[in-house]
Amino acid sequence: MSFLRKFRKNSVQENISATTGKFPLSCQQVGKDLQSFLDGEETNVTAEDLSAHLEACKDCGLEADVYRKIKLAISQTAEPVDKGSLDRLQDFGRKLAESGDNE
Amino acid sequence: MSSAESATQQELFEKYVIPETEVMFRVAMSITRNKADAEDLVQDTMLRAYRSIEKFDGRYPRAWLLTILRNAAINRVRRKRPELMRDPDLTMQRVADTDPDTADVEAVVIDRTFDADVEKALHSLSDKFIEVIEMVDLNGLSYQETADALGVPVGTVMSRLHRARAKIRKHLASSEVAKGRS
Ligand SMILES: [Zn+2]
């Protein structure tokens, strides 16, 4: 009976630590998923657990900051798309859709 | 072809293809590195998409179009201008063309900002790494869309992308150390 009580208690605690505990997941688990998480892609563990870990763990939090900054810096090097090209292509597409493929 | 049929074809095209014009052009620019060729490639893609739109099931139009675009790009290269397709040698040439001295001076002028360091680190990577970073961070594609555009498995996209960023991070860390010493 005491074994069963202990068993139940343990499993409840595991549940708590996996969802609301201070350090859900290991740093290694976070490291594996970090970039996918920052890219908004599917991860092996839940986004809630990842966010909670990044809040609570200084090392992983800093690592996430660096990757966010790298991503941002790269996205800022994007040149605006050439307006003339875009207009021409949309025009081409609309005419193609209207008149069909007359090749 | 009956008019009802062609109206449907037109509707489908306007619904699925036209809104993706900018993404197609961005990806085409990444592949061809040249505005005129990128425009040709997108037109080619649109023609192919138009011809097969009635067979398209309506799911993931962007992924569908990027697959068509990649096939069109491969075809073009086979057909005429192999020198325009990205390859490691070409990329090395491009990197060499940007005068490192000028780049250094500019970096100093803007006080060696983080962004400049990142850009420099990015261009020190090999072509296959730059490619995935461009697709995801510049062109805004998902991992799956990048996989379709490049014709590689999603797992390959992930490992290249994550390794590329880790390399940039390492690069930044070592340039921080260098700056600390000077
Ligand atoms: Zn951690």
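Letters A, B, ... mirror the listed sequences (proteins, then strands); counts begin at 1.
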For side chain to side chain donor-acceptor pair (under 3.5 Å), just list the numbers for E39(B) and S85(A), CA-CA rounded to whole Å, side-chain angles, deciding distance to a tenth of an Å, and then say yes or no.
-> CA-CA 7 Å; E39(B) 278 189 48; S85(A) 299; 2.8 Å; yes

Test side-chain contact (heavy atoms from CB on, under 4.5 Å) applied to S36(A) and H162(B), step by step | CA-CA 8 Å; S36(A) 298; H162(B) 297 180; 3.3 Å; yes

Expected output: side-chain E41(A) to main-chain Y143(B) donor-acceptor under 3.5 Å | yes

Closest non-hydrogen contact found for F13(B) with A97(A) is CD2-CB, 3.6 Å

Compare every heavy atom of M46(B) with every heavy atom of G93(A), then report the nearest pair and how far apart it is.
-> CA-SD, 3.8 Å

Residue E22(B) versus chain A: region with a heavy atom under 4.5 Å = both

Nearest heavy-atom pair of F25(B) and L89(A): which atoms, and what distance?
-> CD1-CD1, 3.6 Å

Residue pair D82(A) / K35(B): nearest heavy atoms and the distance that separates them = OD1-NZ, 3.1 Å

Determine the minimum heavy-atom distance between A73(A) and D115(B), stating which atoms define it.
-> CB-OD1, 3.3 Å

More than 12 non-hydrogen atoms from neighbouring residues, nucleotides or ligands closer than 6.0 Å to CD on E55(A), yes or no?
-> no

Report the C-alpha separation of L161(B) and D39(A) in whole Å, then their side-chain angles, then the decisive distance to 0.1 Å, and conclude whether the side-chain contact (heavy atoms from CB on, under 4.5 Å) test is met.
-> CA-CA 11 Å; L161(B) 180 70; D39(A) 287 332; 3.5 Å; yes

Looking at OG of S75(A) and CD of E134(B), how far apart are the two atoms once the value is rounded to the nearest 0.5 Å?
-> 13.0 Å

Take F92(A) and L47(B) through the test side-chain contact (heavy atoms from CB on, under 4.5 Å) and record every step on the way to the result.
-> CA-CA 10 Å; F92(A) 175 87; L47(B) 276 168; 4.2 Å; yes

Given a strict heavy-atom distance threshold of 4.5 Å, which part of R94(A) is in contact with chain B: side chain, backbone, both, or neither?
-> both

Cut-off 4.5 Å, heavy atoms of chain A, and the answer for A166(B) is both

Sort Q76(A) into side chain, backbone, both or neither according to what part of it lies under 4.5 angstrom from a heavy atom of chain B.
-> side chain

Please lay out, stage by stage, how L172(B) and I70(A) fare under the test side-chain contact (heavy atoms from CB on, under 4.5 Å).
-> CA-CA 10 Å; L172(B) 292 173; I70(A) 290 174; 3.9 Å; yes

Heavy-atom distance under 4.5 Å to chain A: side chain of M29(B), backbone, both or neither?
-> neither

When heavy-atom pairs shorter than 4.5 Å are enumerated against chain A, which of I133(B), D137(B), V118(B), V42(B) gives the highest number?
-> D137(B)

Between D117(B) and K69(A), is there a salt bridge with N-O shorter than 4.0 Å?
-> no

Can you find a heavy atom in the side chain of K71(A) that is under 4.5 Å from one in the side chain of V136(B)?
-> yes

Rounded to the nearest 0.5 Å, what separation is found between the CD atom of E79(A) and the CZ atom of R26(B)?
-> 9.0 Å

In this structure, CG of L138(B) is separated from OG1 of T77(A) (nearest 0.5 Å) by 4.5 Å

For the student: nearest non-hydrogen atoms of V66(A) and F114(B), plus distance | O-CZ, 4.5 Å

To the nearest 0.5 Å, tell me how far R165(B) CZ sits from I74(A) CD1.
-> 6.5 Å

Take atom OH of Y60(B) as the centre, draw a 6.0 Å sphere, and report whether it contains more than 12 heavy atoms from other residues, nucleotides or ligands.
-> no

So how far is it from E14(B) CD to E98(A) CD, rounded to the nearest 0.5 Å?
-> 6.5 Å

